[in-house]
Amino acid sequence: TQTTRPQRMLAAVQKSATRGDPRSVVKAIDQFCRQKEWAMNVGDEKGCILDSVVTEVNPATVLELGTYCAYSTVRIASLLPPDAKLITLEFNPHNAAIARQVIAWAGLGDKIQLVEGPSGDWIPKMKEKFGIETFDLVFLDHWKDRYLPDTKLMEECGLLRKGSVLLADNVICPGTPDYLEYIRNSPRYKSQYFRSHLEYTKVEDGLEKSVFLG
Ligand SMILES: CNc1ncnc2c1ncn2[C@@H]1O[C@H](/C=C/CNC(=O)c2cc(-c3ccc(F)cc3)cc(O)c2O)[C@@H](O)[C@H]1O
Ligand SMILES: [Mg+2]
């Protein structure tokens, strides 16, 4: 029977990466996507920008919207300080199942909590279910038309504090026009565009980093 792309990506990790070595998991996925099949991971070029933002923020609490196969989840978690917590939301059960195995292979199960379900349902429950007051860093990489509504929801739920950083993938390709228009014109954010390329291609894309001003 036919395998899925996430299943083939996991097989590549289990074949080429070293258990407990997150960077080798990242490398194995990038190699698979360059040599075998394109997949919508943030990739290595934008991934380096992601790494620099994570290192700069040095977050104690991170929220990721859209786990997919946990490439960026593992990439972020590998840079977190010892007691930091990363919560990642994924509503496709098949993708979540693959992501859990990638996270386990990387040995990051104690830093990452994968929550299965839609962001719209879970964002309002972050305080009561996970004891999270605010997020120091949010990585947006889910459906592109959900970046704006979920950002407004995070504001309403008081999950952002002065200095919280939002980092959004794909603001050029596929593009998130309503989110960009809002975040770049809102007096409550200071935004910066990091120009790059769509993962594994020469097409322009970039990350938008926005600091919440309170
Ligand atoms: C809406 N709330 C949600 N709550 C929880 N999980 C959600 C979710 N929305 C989507 N998801 C999950 O996130 C993942 C979706 C990611 C969407 N990403 C993209 O569409 C995307 C697409 C491209 C892309 C770019 C060019 C192209 F030609 C084709 C694709 C590149 C990227 O980097 C992307 O991130 C899936 O695993 C989905 O099940
Ligand atoms: Mg993306």
Side-chain angles (χ1 to χ4, degrees), residues 4-10 13 26 29-30 32-34 36-51 53-54 62-76 86-103 112-126 129-130 132 135 137-157 159 166-180 183 193-210:
T4 65
R5 181 167 304 176
Q7 281 170 330
R8 294 192 291 273
M9 209 177 318
L10 172 62
V13 165
V26 166
I29 294 175
D30 281 330
F32 173 79
C33 291
R34 279 197 190 290
K36 299 282 186 340
E37 301 180 55
W38 187 93
M40 60 182 178
N41 316 117
V42 73
D44 200 39
E45 190 180 317
K46 287 186 288 180
C48 288
I49 301 168
L50 172 62
D51 291 352
V53 172
V54 174
V62 183
L63 176 63
E64 176 181 59
L65 303 178
T67 315
Y68 184 46
C69 296
Y71 172 93
S72 47
T73 324
V74 164
R75 191 157 187 144
I76 294 166
L86 188 162
I87 294 180
T88 183
L89 305 182
E90 174 53 61
F91 65 15
N92 177 308
H94 175 70
N95 294 351
I98 297 294
R100 289 189 198 286
Q101 295 173 79
V102 170
I103 290 162
I112 296 165
Q113 178 145 19
L114 192 160
V115 178
E116 231 171 292
S119 51
D121 294 0
W122 281 104
I123 285 170
K125 295 177 186 161
M126 281 301 145
K129 294 279 181 194
F130 305 103
I132 299 264
F135 285 104
L137 175 66
V138 182
F139 182 54
L140 299 92
D141 196 19
H142 57 333
W143 292 159
K144 307 315 161 192
D145 62 356
R146 299 294 307 172
Y147 285 22
L148 182 53
D150 282 349
T151 296
K152 289 182 172 173
L153 187 57
M154 287 188 284
E155 288 173 14
E156 284 151 27
C157 297
L159 287 172
L166 302 186
L167 189 65
D169 189 24
N170 311 117
V171 296
I172 302 300
C173 178
T176 62
D178 59 341
Y179 173 80
L180 271 193
I183 209 92
Y193 174 60
F194 291 85
R195 186 163 185 233
S196 184
H197 295 94
L198 176 67
E199 49 267 30
Y200 319 116
T201 78
K202 292 187 170 31
V203 173
E204 182 180 346
D205 188 21
L207 300 172
E208 187 84 358
K209 177 192 168 197
S210 305

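Worth knowing before you read on, the calculation uses all heavy atoms, side chains too, and leaves out hydrogens, waters and symmetry mates. Atoms within a ligand are numbered from 1 in the order they appear, just like the ligands themselves. Residues: numbered from 1 along the sequence shown. These numbers come from a predicted model, not from an experiment.
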**Asked** Do Y71 and D30 meet the criterion of a side-chain donor-acceptor pair at a distance under 3.5 Å?
**Response**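 Distance-only check passes for Y71 and D30.
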Just need the protein heavy atom nearest to [atom], so name the residue and atom and give the distance.
atom: atom 38 (C) of ligand 1; value: E90 OE2, 3.4 Å
atom: atom 28 (F) of ligand 1; value: L198 CD2, 5.0 Å
atom: atom 13 (O) of ligand 1; value: G66 CA, 3.4 Å
atom: atom 30 (C) of ligand 1; value: W38 CH2, 3.6 Å
atom: atom 11 (N) of ligand 1; value: F91 CE1, 3.7 Å
atom: atom 2 (N) of ligand 1; value: S119 OG, 2.9 Å
atom: atom 15 (C) of ligand 1; value: W143 CZ3, 3.3 Å
atom: atom 1 (C) of ligand 1; value: R146 CG, 3.4 Å

**Prompt:** Evaluating non-hydrogen atoms only, which member of H142, M40, K144 is closest to atom 35 (O) of ligand 1?
**Reply:**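 That would be K144.
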**Request:** Between T67, N170, D145, D150, flag the one that comes closest to atom 32 (C) of ligand 1 by a heavy atom.
**Result:**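 Looking at heavy atoms only, the winner is N170.
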**Message:** Is E199 close enough to the Mg ion (ligand 2) that one of its N, O or S atoms comes in under 2.8 Å?
**Reply:**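 Coordinating: no.
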**Request:** Give a yes or no on whether N41 keeps an N, O or S atom under 2.8 Å from the Mg ion (ligand 2).
**Result:**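 Coordinating: no.
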**Message:** I'd like to know whether ligand 1 has G117 as a neighbour, heavy-atom separation below 4.0 Å.
**Reply:**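 G117 counts as a contact of ligand 1 under the 4.0 Å cut-off.
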**Prompt:** Among the heavy atoms of Y200, does any lie under 4.0 Å from an atom of ligand 1?
**Reply:**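 Outside the 4.0 Å threshold, so no.
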**Item:** Shortest non-hydrogen contact between E45 and H197, atoms and distance
**Value:**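 Closest approach of E45 to H197: OE2-ND1, 2.6 Å.
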**Item:** Atoms of ligand 1, numbered as shown, that sit under 4.0 Å from any heavy atom of E199
**Value:**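 Matching atoms, with element in brackets: 31 (C), 32 (C), 33 (O).
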**Element-labelled atoms of ligand 1 that are located less than 4.0 Å from some non-hydrogen atom of N92** =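 The list of qualifying atoms is 39 (O).
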**Message:** Please confirm whether the ring centroid of Y68 lies under 6.0 Å from the ring centroid of H142.
**Reply:**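 Not close enough - the centres of the two rings lie 6.0 Å or further apart.
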**Request:** Can you spot which of D51, D169, N41, D141 makes a side chain to side chain donor-acceptor pair (under 3.5 Å) with K46?
**Result:**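 Checked D51, D169, N41, D141 against K46; only one passes side chain to side chain donor-acceptor pair (under 3.5 Å): D169.
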Counting only heavy atoms closer than 4.0 Å, does ligand 1 sit against the backbone of [X], its side chain, both, or neither?
X: L65; answer: neither
X: D141; answer: both
X: W122; answer: neither

**Message:** Looking at A39, is its backbone amide N or carbonyl O close enough to the side chain of R5 to form a donor-acceptor pair, meaning the two atoms are under 3.5 Å apart?
**Reply:**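 Checking the backbone N and O of A39 against the side chain of R5, no donor-acceptor pair under 3.5 Å is found.
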**Message:** Is any side-chain heavy atom of E64 closer than 4.5 Å to one of S72?
**Reply:**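 S72 reaches E64 side chain to side chain.
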